[in-house]
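Here's the structure we're looking at; comments come further down.
By convention in this document, chain letters (A, B, ...) are assigned in the order of the sequence lines, proteins followed by strands, and residues within each chain are numbered from 1.
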Amino acid sequence: MPATRVTIALNSKQSQKAPVIIPASASTDPAAATSIRGLVFKTAQSKLRLKKPTRVYVGRTGQELLTEEDWKSNIKDDVVLLISAGEEYVGAKKELDVHSDVNPTSFVEILAFKAPVESLSLTQLTTTAHTLPGIVHAVGQPDLHPGTKFPIGAVFASKGWIHPPLIGGDIGCGMAWYKTTLSRSQVDGGKGKKVAEKLRGLEGAWRTQAYRESWLQDDQGHNCSAGEQWDSALGTIGAGNHFAELQVVEELSLTNDDGIGLRQDDVVLLVHSGSRGFGGSVLKKFTSDLRTSFEEGSPDASAYMKEHDKACEWAKANRDLIALRFLACLEPGNVSWHLGSSDAHYDDDGIKMIAMAKKNLQPRKLVDIWHNNVERVVWPPSAPSLPKKAPSNTSNVGRAVDKLTLSDDTPPAQYVYIHRKGAAPTYNASTHRPLSLLPLPGSRGTPTLILQPIFSEATSWGLKNALSLAHGAGRAMSRAKALSSLSQKYKGQNILEPRSSDIEGTWVICDERNLVFEEAPDAYKDVQAVGQDLVDAGVASVVGWCRARVSYKVRNEAH
DNA sequence: ATGTGC
């Protein structure tokens, strides 16, 4: 008889698993000296680091293996055994609960018309909406594209359930836009190269843990430090599609300028980054392949949300610190930003400067949004209240909204958890006021559109788009495909500098070969098509655009 | 996306 290959996993954390080869000579009798049970427990101790394995369940069914008969009938190739230190089976009970809340007909809205959408992402969107518990509404934004399991550029609204894997590991990832005092003449054309040269000292850890903890503390004393292991990445952009980009406002026509103060010809810094390793550690801590959903009010749901909120704050503080480090390079004359440079040394009062730097940075910030997060909002959205100053054209209420009824201060309201995975919100999360502008970045070097969300009866006041918009152009090609096809296409060319004839081009800092191609504009959809789809869906207006002048991905400081 | 997971 051949050996049997089974998988063992921790009952309490099923992502922890190991294969076990059971020789034909091992005994099904749990009391035998060479029992399968003994072999499984020994492997659980060494490979899963479970000190005292005591009970064994079969994955999916949850049947406990007790008698020799149980072992004999269940040990076959590819079976998954869940090893417990005494606790009850955690897998299947959830799956049974799940069924009653699944909505196989929940509504799926696709906001893509011109932008191309891969069929795999549609399958992922629909399958997810129809199989996870509590989903009442799903939206595919025009930048929709396939993820490993769940789609990106997607929004899921669910009642009574939280699904951490829907938003992924980069909890709190988003974009923040900051004004600089640079003039466009300092960054236009060939000047971009000079500016790019100034962007140094931006890789690696920022100062000491004491500084970082202070940066992660707000003026009320709340702090979102994740411990030195994760905080050491604070102030770094990261990899993948993350970037910081210097842009010029080429056109802008805001219909209701809420004192944002953005003007044509301004030079702005767009920072796209997240919670680095911290958010991933939160997802990993709470979920496994078999544990993806938490019922509202359960200890897991509350504990996850607490850590989730912390990761969101961390990510926001990370974007601010990235901006500070960039401003230290871009505006060297401003003492508020000196702290951003690791070259500036302080005796013992450096930490005191943090409050000043943060205070001076906030007025520079135009907008800061999370596009990977889960948020509780009143559902369905209702007609928003009018602004205090009534607009002259009241029929245009969709453009002149004061505040949305999204907070739960009207007790009997129904609400949902909006899960955003690569989707921007249409409102300010803390004030619940509609955003008057938000960025829709194209891929590296292509225009960033300036969006203004629209709330109108035609879109049921934001229900149609689940109070969300596209967060970027969206991938048109997988990383693997982009790497192979684009490295061929641009063989022997430097695609990081504008061609000498191109005065409108972008200077790109990207000292990582694979990223050069994986993040090339050709790997993404056309941002104009994505923007047009939002306009055609009636969920946003395009009120202007920015030209990218210097795009910073990653620098090899050793050069 | 990630001090990835083998």
Between A:H163 and A:S293 the two heavy atoms that sit nearest each other are ND1-OG, 2.8 Å

Tell me: CG of A:L283 to C1' of B:dT4, nearest whole Å?
13 Å

According to the side-chain hydrogen bond (donor to acceptor under 3.5 Å, both in side chains) rule, which pairs have a member within residues 476-491 of chain A, sequence neighbours left out?
A:R479-A:E518, A:R479-A:E519, A:K489-A:D522, A:Y490-A:D522

Counting any heavy atom closer than 4.0 Å, what does A:G280 reach on the DNA or RNA strands: base, sugar-phosphate only, or nothing?
nothing

In whole angstrom, what separates A:Q229's CD from B:dT2's C1'?
12 Å

A:E518 atom CD is separated from B:dT2 atom P, nearest whole Å, by 13 Å

Rounded distance (Å) that lies between atom C1' of B:dT2 and atom CD of A:E512:
13 Å

May I ask you to check whether over 12 heavy atoms, not counting those of A:K17, lie within 6.0 Å of atom NZ?
no

Could you state the atom-to-atom distance from CZ of A:R479 to P of B:dT2 in whole Å?
10 Å

Mind checking A:G238 for me? I need base, sugar-phosphate or nothing, with any heavy atom below 4.0 Å counting as a touch.
sugar-phosphate

Within residues 201-213 of chain A, those residues having any heavy atom closer than 4.0 Å to DNA chain B are none

If each of A:A239 and A:K284 is mapped to the nucleotide of DNA chain B with the nearest heavy atom, which maps nearer the 5' terminus, i.e. the 5' end?
A:A239

Just how far, in rounded Å, is C1' of B:dT2 from CH2 of A:W230?
8 Å

Please check if the distance between the ring centroids of A:Y552 and A:F326 is under 6.0 Å.
yes

Side chain A:D231, main chain A:A226, donor-acceptor under 3.5 Å:
yes

Carboxylate-amine/guanidinium contact A:R420 A:E375, below 4.0 Å
yes

Mark yes or no for whether A:T506, through its side chain, and A:A548, through its backbone, hold a donor-acceptor pair below 3.5 Å.
yes

Nearest-angstrom distance from the residue atom CG of A:L234 to P of B:dT2
13 Å

Please state how far atom NZ in A:K285 lies from atom P in B:dT4, giving the value in whole angstrom units.
18 Å

